[in-house]
2 protein chains.
Amino acid sequence: MGIKDVARVAGVSPSTVSNVLNHPERVAPAKRAQVEQAMRTLGFVRNEAARYLRTGASRTLGLILLDAWNPFFTEMARGVEDYAFAQDWAVLVSNSDRRADRESRYLNVFAERPVDGIIIVPHGDPPERLADLRRQGIPSVLADRRGTGDTTMSVSLDDVGGGQLAVAHLLELGHRDIAFAGDPTRVTQVRDRLLGATRALAAAGRPTQFTVIETALTMGGGRQVGKQLVDQPPAARPSAVFASNDLVAIGLLQVLLRHGVRVPEDIAVIGYDDIEFASQLAVPLSSVKQPPYAMGHAAAELLIAALTGEPRSENHVVFQPELVVRESTVGTRG
Amino acid sequence: MGIKDVARVAGVSPSTVSNVLNHPERVAPAKRAQVEQAMRTLGFVRNEAARYLRTGASRTLGLILLDAWNPFFTEMARGVEDYAFAQDWAVLVSNSDRRADRESRYLNVFAERPVDGIIIVPHGDPPERLADLRRQGIPSVLADRRGTGDTTMSVSLDDVGGGQLAVAHLLELGHRDIAFAGDPTRVTQVRDRLLGATRALAAAGRPTQFTVIETALTMGGGRQVGKQLVDQPPAARPSAVFASNDLVAIGLLQVLLRHGVRVPEDIAVIGYDDIEFASQLAVPLSSVKQPPYAMGHAAAELLIAALTGEPRSENHVVFQPELVVRESTVGTRG
DNA sequence: CTGTTAGCGCATTCAC
DNA sequence: GTGAATGCGCTAACAG
């Protein structure tokens, strides 16, 4: 059931069928109708593998997500898909689940398969494999990570600026004993947010206590941080916590509230990402909003432009975060 | 940079290279080493498209998810991936986002591409396209939906039993005015849960108020239901709500708590799915637990068995749900 | 154990 | 505007 069978049924040659598929204007309307009819009755579907083998292009993008659990990445995926679909490209999604072995496994899957380009939210440092792939003719764009060098494209967020935004907000509210909860040694973005935090501190020029609490970027991690805090005597607790993502902030919030710690009166909490959930908590969470949809959209745009040879002015797009103030830092003022 | 180039560099014939790839035991160790060395220096990657064109098989599964936002499906995807990877199969994931157009779009994407089989969580009724695909030689398994007929495989959950479980629990706690929040006209699973609920009611044989509140299966929908309830005079409110999934229950919970309605004293709430979040809310949510990971695992198992021609005793697997009791129905008793 | 041959389904020259 | 030939990269016969 290939192009040949369609040709036989329609009483034309295979190449005419091919023309109907790829250059419909070259085929006489009457014959075209015959061919299309034959395709319908036969239930013909194009074999992309063969097409790819022949042309070297498949109008397909591979997307490797870091953590499909995090709504932030799901939203990003949606941005990629929406743009790609609108341009009539297909998207194949996968999830590295923050595991290096799965990341490289999926990189292999895509390297071997008909994808024209790859969008990846890398697990750690951008994998070496990407350079091989580029040499192999498969371009890639780094998402949520600033690219180094000129060969790569990237779409990233200004995490330093975001960290600065969050801590400046806390300082402005008068906090002088701030804790940072995150994983700066292992996650670049968190390192940048921490860097931004210290910059805000320096800029304020006021003596401020600043503690870093190491934690995994999950709700479980947040709950651990919470336990650690409620175990301290109230006087020893920081007056504000900057959680390096919303999941951590949510876990923290749950523990604090359950132990009667008032938020923000006793401890103010600010998160990062502004996931949908953040606004819907018992105490709505202040956060730093990032535009995951726009990021995904831009990544797809960049990649497809590169693939279709469109000229681009810029290979590295950086989005600016935005402070979203809710009750968890300012209470129900007014 | 194909098999031929490797052959040239290694000083052997292309088919020897092919043998190294597919039947290593047939090649003399010395030559095999040469070939492997050549592959490494050339950075050779197999072209799956060509391989597929030749063999008709690609060791690849397509997975079409309904709603990547819902942790339930993410967990299911993980079950699929873990099993498939363990068997050395690749998985290509996509997300229909509860939209029929995207579902059929992805069905097309997979129909045209080298996937050997498809696992799908269908949007509504199992799409007609699946039958075409099966005729085309691509088997599929329905997930989270009982299959009809013998041609299809399916992995499903006993939603009727789950609904029964939930409402029996509420009845046992003495509730006589229960509301059901969900979308029974549009979602089969919800219809089944509702059916189970009415069965539990009938089995109890006690006069009980039972109201159905139509709502979308999102947190936003849950919040709407919450608003509707708090707008009623307390006496008119039901004493318990069975939300047809946890997202709805969570949205509902937020609104109730914020308006000073006590849970479960004033209104008890039970959800469905037992997502990770459910246990971590201000008032931990009672729910009906489903085994999404096991479901995904079983789906992959079924499909790969079918694809490899292994004999299977059963084409339809049904998992039983399990009641998880937490504070939102029984409070902090004891 | 190794090399030679043919063809999977399609798009693309090039004749007609 | 249409049809016949060619080859994309690979694997499975088969011959040596």
Side-chain angles (χ1 to χ4, degrees), chain A residues 1-36 38-39 42-60 90 108-116 136-138, chain B residues 1-36 38-39 42-60 90 108-116 136-138:
Chain A
M1 53 198 106
I3 224 174
K4 273 184 186 164
D5 307 79
V6 175
R8 194 161 18 77
V9 171
V12 299
S13 87
S15 59
T16 300
V17 178
S18 174
N19 276 330
V20 171
L21 254 22
N22 302 299
H23 309 282
E25 73 285 355
R26 291 192 197 159
V27 180
K31 285 221 167 176
R32 188 163 59 201
Q34 277 174 48
V35 171
E36 280 163 353
M39 295 201 294
L42 256 48
F44 169 80
V45 291
R46 218 194 190 111
N47 184 329
E48 259 308 316
R51 180 187 164 87
Y52 173 73
L53 191 58
R54 187 63 238 243
T55 62
S58 61
R59 282 190 93 81
T60 306
N108 280 330
V109 167
F110 285 144
E112 293 178 347
R113 242 151 282 253
V115 300
D116 296 343
Q136 197 187 319
I138 303 182
Chain B
M1 51 199 109
I3 224 176
K4 274 184 184 165
D5 306 80
V6 175
R8 195 161 17 75
V9 170
V12 299
S13 86
S15 61
T16 300
V17 178
S18 173
N19 276 330
V20 171
L21 254 23
N22 302 298
H23 310 282
E25 73 285 355
R26 291 192 198 160
V27 180
K31 285 221 165 174
R32 187 163 60 202
Q34 279 174 46
V35 170
E36 280 162 353
M39 295 202 296
L42 256 46
F44 169 79
V45 290
R46 214 197 195 113
N47 184 328
E48 261 304 321
R51 179 188 167 85
Y52 173 72
L53 190 58
R54 187 64 240 244
T55 63
S58 61
R59 283 189 92 82
T60 306
N108 280 330
V109 167
F110 284 144
E112 293 178 347
R113 241 150 283 251
V115 299
D116 296 341
Q136 197 188 321
I138 303 182

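Just so it is clear, the structure is predicted and the values come from calculations on it, not from any experiment. Within every chain, numbering begins at 1; the chains are lettered A, B, ... in the order of the sequence lines, protein sequences first and strands thereafter.
- Considering every non-hydrogen atom in both Tyr52(A) and Ser58(A), the closest pair reads CD1-CB, 3.8 Å.
- Summarising the geometry, the separation between CG on Asn22(B) and P on dC10(D) is reported as 11 Å, rounded to the nearest angstrom.
- The nearest pair of heavy atoms linking Pro14(B) to Ala7(B) is N-CB, 3.6 Å.
- Note on Arg51(B): only backbone sugar-phosphate atoms sit closer than 4.0 angstrom, heavy atoms only; bases stay farther off.
- When rounded to the nearest whole Å, the span between NZ of Lys4(A) and P of dT6(D) equals 14 Å.
- When only modelled atom types and interatomic distance are considered, Arg113(A) and Thr60(A) share no side-chain donor-acceptor pair under 3.5 Å.
- Per the geometry, OH belonging to Tyr52(A) stands 11 Å off C1' belonging to dG9(D), to the nearest Å.
- Arg51(B) is not listed as a side-chain neighbour of Arg54(B), based on a closest heavy-atom distance of 4.5 Å or more.
- When DNA chain C is scanned in the 5' to 3' direction for atoms under 4.0 Å from non-hydrogen atoms of chain A, the outermost contacting nucleotides are dG9(C) to dT12(C).
- Rounded to a whole Å, the CD atom of Gln136(A) is 12 Å from the P atom of dG9(D).
- For the atom pair OG (Ser15(B)) and CG (Asn22(B)), the distance works out to 11.0 Å, reported to the nearest 0.5 Å.
- In this structure, Asn47(A) places its CG atom 14 Å from C1' of dG9(D), rounding to the nearest Å.
- Nearest-nucleotide assignment on DNA chain C puts the 5′-proximal partner with Arg26(B), out of Ala50(A) and Arg26(B).
- Arg32(B) places none of its side-chain heavy atoms less than 4.5 Å from the side chain of Val35(B).
- One finds the CZ atom of Arg8(A) at 13.0 Å from the CD1 atom of Ile3(A) (value rounded to the nearest 0.5 Å).
- Along DNA chain D, the nucleotide nearest His23(B) and the nucleotide nearest Ala49(B) are compared for position; the residue whose nucleotide lies closer to the 5' end is Ala49(B).
- In this structure, Gln136(B) and Ala111(B) approach most closely via the heavy-atom pair NE2-O, 3.4 Å.
- Going from atom CZ of Arg54(B) over to atom C1' of dG9(D) covers 11 Å, rounded to whole Å.
- Within the nucleic acid shown, Ile3(A) comes within 4.0 Å of sugar-phosphate atoms alone, with no base atom in reach, counting heavy atoms only.
- Summarising the geometry of Arg59(A) relative to Asp116(A), their closest heavy-atom pair is N-OD2, 2.8 Å, with the distance given to 0.1 Å.
- A heavy-atom distance below 4.0 Å to DNA chain D is reached by these residues of residues 9-19 of chain B, ordered by number: Ser15(B), Ser18(B).
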